[in-house]
Amino acid sequence: MIQSHIAPLGMAVAPHHLASESALAVLRDGGNAIEAMVAAAATIAVVYPHMNGLGGDGFWLIVPPKGDPIAIDASGAAGSLASLAFYEPAQAIPHRGPRAALTVAGTVSGWAEALNVSAGMGGAALPLSRLLADAIRYAADGIPVTGSQADATRSKYHELADQPGFAATFLPDGEVPEAGSRFTQPALANTLSILTEQGLESFYRGTLANHMAGEMSRLGMPITLEDLNNHRAKRRAPLRLRHQSGDIFNMTPPTQGLVSLAILGITDRLNMPAANEAQTVHRIVEATKLAFGLRDRYITDPLHMQEEMQALLDGDVLDGLADSIDDRCAAPWGEGKGPGDTVWMGVMDSSGLAVSFIQSIYHEFGSGVVLPGTGITWQNRGAAFSLDPQHLLALAPGKQPFHTLNPAAARLNDGRTLVYGSMGGDGQPQTQAAIFTRHVLQGMPLQQAVSAPRWLLGRTWGQASDSLKLEGRFCQATFDTLRALGHEVEKLPDFSEAVGHAGAIVRHTNGMLEGACDPRSDGSAAGF
């Protein structure tokens, strides 16, 4: 079992240990938590390419030692050619291929905007060449293929092998790479080098953008050079929940940050500190159903929304939702948004600056399209759009798609600061609720709270079932109790990637930093 890590000066948690070490090395060189996260983000894009990459989106939640947290929305909108007519006569947007690669990739713009925030804080800036150095080296010289990447490539081979650029990038010698084999990405190394030489802006406005736009046009993707030129990350004021334990923060729409906060707001009224294992799962699951109802009713591109999301976290709204939960019976529900592959990472530095960060290409390997000459796998986040013009999530050029991504943070009443999060589509808010409830409310040690068996209400990859899925390490009495309450329960393996890769860092009142990473991942909690 992975042990939690405690350190006084800096801490990083990532689902791949090389990303944690990249962040830690930047902290040792005098960089702050934001710069360290940029380094980790670049490295994780190289070493966990099935989960995230430069062709995806990102979200930042930056918590300074004092003052209001800052959120960064680095998600891209649908291309200007991505109209309903573009997809006729299809009934749904495909999940793979050039027509699935319909939104601008925002994650690199998020790195740039985060570094602008860092500069505004007055820290001594490390050069971009230093921040991306590890990523460039790993892409050029190679890294050992993880079991996670090998399994994802093998299970999705039939969907991906014929997509443009995929085989040349991810199927060396035409075969699924074995775990532990050397995996190089020379084109991606060159792209990262261009970014260090010409700046991150060149991804959207420069020679790199021009090259990518040409390849997009050739492949039939509905994104143009003008779409790239017009994209910029946006700073936001994060959503805030006033909880009995302190203030909890999360992302604004188009993400489901509201869901994560609403679950904790509803269960805050249900005496969770005294709940046993089955009650904890039941109450969070029932709160999840209600929070998903809010999500499906309201959340879309903020420019298309009428409702103020912060108002849905008011006490009266949460009181009413909590009152509707029955401790004796599971409520019916429809279906979730499905799974999604993502990475969550956290960094804290000695000043108390904390970062909660998510980066994603949506499905495993995104659209499967690798832009020629770049090594960049483009996301398929636009598959979240509907082709029904009356739907809340109806596709329109320039519209942001719905995002499951939502990094979390909290300032607790006892003086501690917490950053935490997970990958996993519908599972992200459920895992966040599990970790926060177990650690903050029920006193479970941080690493145990991350490692303990988890659950997922909703679908996993390749399954149509929206049942309640529990890892096999739950005791039989919990399975029996939940079935008796009316939940449709299925059993997962003891440690299942279906429930996501989670992590957390706590800054204690004495200045010590404690980190925990997920044994379901290839990650680490690294500190010094």
Check: Any donor and acceptor pair, going by atom type alone, linking the side chain of Arg269 with main-chain N or O of Gly265 inside 3.5 Å?
Finding: yes

Note to self: Which heavy atom of Phe385 sits nearest to which heavy atom of Ala78, and what is that distance?
What the structure shows: CE1-CB, 3.9 Å

Margin query: Quick one, Leu441 and Ser245 - any side-chain contact, counting heavy atoms below 4.5 Å?
Written below: yes

Next item on the list: Look up atom CD in Glu35 and atom CG in Leu115, then write down how far apart they are to the nearest 0.5 Å.
Entry: 6.5 Å

Checklist line | Expected output: side-chain Asn413 to main-chain Gln244 donor-acceptor under 3.5 Å | finding: yes

Checklist line | Closest non-hydrogen atom pair between Ala504 and Trp344, with its separation | finding: N-CZ3, 3.7 Å

Check: Counting only N and O atoms by type, is there a donor-acceptor contact under 3.5 Å from the side chain of Ser20 to the main-chain atoms of Ser524?
Finding: yes

Next item on the list: Could you tell me whether the side chain of Ile361 reaches within less than 4.5 Å of the side chain of Asn380, counting heavy atoms only?
Entry: no

Check: Do you know which two heavy atoms are closest between Ile505 and Met348, and how far apart they sit?
Finding: O-CE, 3.5 Å

Next item on the list: Mark yes or no for whether Thr431, through its side chain, and Val499, through its backbone, hold a donor-acceptor pair below 3.5 Å.
Entry: yes

Check: Ignoring hydrogens and geometry, is there a side-chain-to-backbone donor-acceptor pair from Arg454 to Gly500 under 3.5 Å?
Finding: yes

Note to self: Apply side-chain contact (heavy atoms from CB on, under 4.5 Å) to residues Val285 and Leu482 and explain how you reach the verdict.
What the structure shows: CA-CA 10 Å; Val285 166; Leu482 292 170; over 6 Å; no

Margin query: Is it the case that the side chains of Ser148 and Asp522 hold a donor-acceptor pair, with the cut-off being a distance below 3.5 Å and no angle test?
Written below: no

Next item on the list: Indicate yes or no: at least one non-hydrogen side-chain atom of Val506 is less than 4.5 angstrom from one of Leu412.
Entry: no

Notebook entry, point to check: In Å and rounded to the nearest 0.5 Å, what is the OG to CD1 distance from Ser22 to Ile44?
Noted result: 9.0 Å

Next item on the list: Among residues two or more places apart or on two chains, list those pairs meeting side chain to side chain donor-acceptor pair (under 3.5 Å) that have a residue in residues 270-280.
Entry: Glu277-Thr478, Thr280-Gln442

Note to self: If only side-chain N and O atoms count, and only distance matters, is there a donor-acceptor pair under 3.5 Å linking Thr288 with Gln430?
What the structure shows: no

Notebook entry, point to check: Can you find a pair of side-chain heavy atoms, one from Leu195 and one from Leu54, that are under 4.5 Å apart?
Noted result: yes

Margin query: Test of understanding: with ring-ring contact (aromatic ring centres under 6.0 Å, His included), list the residues that count as partners of His231, not counting sequence neighbours.
Written below: Tyr204

Check: Can you name the residues that form a ring-ring contact (aromatic ring centres under 6.0 Å, His included) with His95, not counting sequence neighbours?
Finding: His363

Item checked: Verdict with supporting geometry, His243 and Val440, side-chain contact (heavy atoms from CB on, under 4.5 Å) -> CA-CA 11 Å; His243 189 276; Val440 177; 5.9 Å; no

Notebook entry, point to check: How close do Leu313 and Ala262 get, heavy atom to heavy atom, and via which atoms?
Noted result: CD2-N, 3.8 Å

Notebook entry, point to check: To the nearest 0.5 Å, what is the distance between CD (Glu488) and CG (Leu468)?
Noted result: 9.0 Å

Checklist line | Pro302 side chain reached by Arg236 side chain, heavy atoms, under 4.5 Å | finding: yes

Next item on the list: Verify, without hydrogens or angle tests, whether His439 (side chain) and Met444 (backbone) share a donor-acceptor contact under 3.5 angstrom.
Entry: yes

Notebook entry, point to check: To the nearest 0.5 Å, what is the distance between OG (Ser467) and CG (Leu457)?
Noted result: 8.0 Å

Notebook entry, point to check: Which is it for Arg411 and Phe249 under the side-chain contact (heavy atoms from CB on, under 4.5 Å) test, yes or no, and what are the steps along the way?
Noted result: CA-CA 8 Å; Arg411 284 176 171 154; Phe249 305 95; 4.3 Å; yes

Notebook entry, point to check: Which atom pair, heavy atoms only, marks the closest approach of Val108 to Leu200?
Noted result: CG1-O, 3.8 Å

Check: Is there a donor-acceptor contact under 3.5 Å linking the side chains of Ser351 and Asp349?
Finding: yes

Check: How are the rings of Phe365 and His50 set to each other: parallel, tilted or perpendicular (split at 30° and 60°)?
Finding: tilted

Item checked: Side-chain H-bond candidate by donor/acceptor type, Asn229 with Glu226, under 3.5 Å -> no

Note to self: Given 3.5 Å as the limit, does a donor-acceptor pair link the side chain of Thr437 with the main chain of Ala434, or not?
What the structure shows: no

Notebook entry, point to check: Does the Thr43 side chain pair with the main chain of Ala40, one donor and one acceptor, at a distance under 3.5 Å?
Noted result: no

Margin query: Would you compute the distance between atom CD1 of Ile266 and atom CD1 of Ile284 and round it to the nearest 0.5 angstrom?
Written below: 11.0 Å

Notebook entry, point to check: So, Asp301 and Lys399, do they make that salt bridge, N to O below 4.0 Å?
Noted result: no

Next item on the list: State, yes or no, whether a side-chain contact exists between Thr377 and Pro49 at a heavy-atom distance under 4.5 Å.
Entry: no

Notebook entry, point to check: Between the side chain of Gln359 and the main-chain N/O of Ala41, is any donor-acceptor distance below 3.5 Å?
Noted result: yes

Note to self: If the threshold is 4.0 Å, N to carboxylate O, is there a salt bridge linking Glu286 and Lys289?
What the structure shows: yes

Notebook entry, point to check: What distance separates Leu126 CG from Leu132 CG, expressed to the nearest 0.5 Å?
Noted result: 11.5 Å

Margin query: Salt bridge check, Glu514 against Arg416: does any charged N sit closer than 4.0 Å to a carboxylate O?
Written below: no

Notebook entry, point to check: What residue among Glu471, Glu497, His501 forms side chain to side chain donor-acceptor pair (under 3.5 Å) with Arg520?
Noted result: Glu471

Item checked: Heavy atoms of other groups near Arg235 CZ, more than 12 under 6.0 Å -> yes

Margin query: Looking at every non-hydrogen atom in both residues, tell me the closest pair between Pro69 and Pro64 and how far apart they are.
Written below: CA-CD, 3.9 Å

Next item on the list: Side-chain contact test, heavy atoms from C-beta onward, threshold under 4.5 Å: evaluate it for Gln256 versus Phe402 and give yes or no.
Entry: yes

Margin query: Donor-acceptor check, side chain of Asp57 to backbone of Gly76, threshold 3.5 angstrom: yes or no?
Written below: yes

Checklist line | With sequence neighbours excluded, residues passing side chain to side chain donor-acceptor pair (under 3.5 Å) with Thr103 | finding: Gln379

Check: Residues two or more places apart in sequence or in another chain: which of them pass side chain to side chain contact (heavy atoms under 4.5 Å, CB included) with Ala408?
Finding: Asn250, Tyr420, Gln432

Checklist line | With Trp60 via ring-ring contact (aromatic ring centres under 6.0 Å, His included) - residues at least two apart | finding: Phe357

Notebook entry, point to check: Angle class for the His487/His282 ring planes (parallel below 30°, perpendicular above 60°, tilted otherwise)?
Noted result: perpendicular

Check: Between Trp111 and Leu131, is any pair of side-chain heavy atoms under 4.5 Å apart?
Finding: no

Notebook entry, point to check: Take atom CG in Asp316; do more than 12 heavy atoms of anything else shown fall under 6.0 Å from it?
Noted result: no

Next item on the list: Walk me through it: do Ile34 and Ile62 pass the test side-chain contact (heavy atoms from CB on, under 4.5 Å)?
Entry: CA-CA 8 Å; Ile34 294 172; Ile62 299 169; 3.9 Å; yes

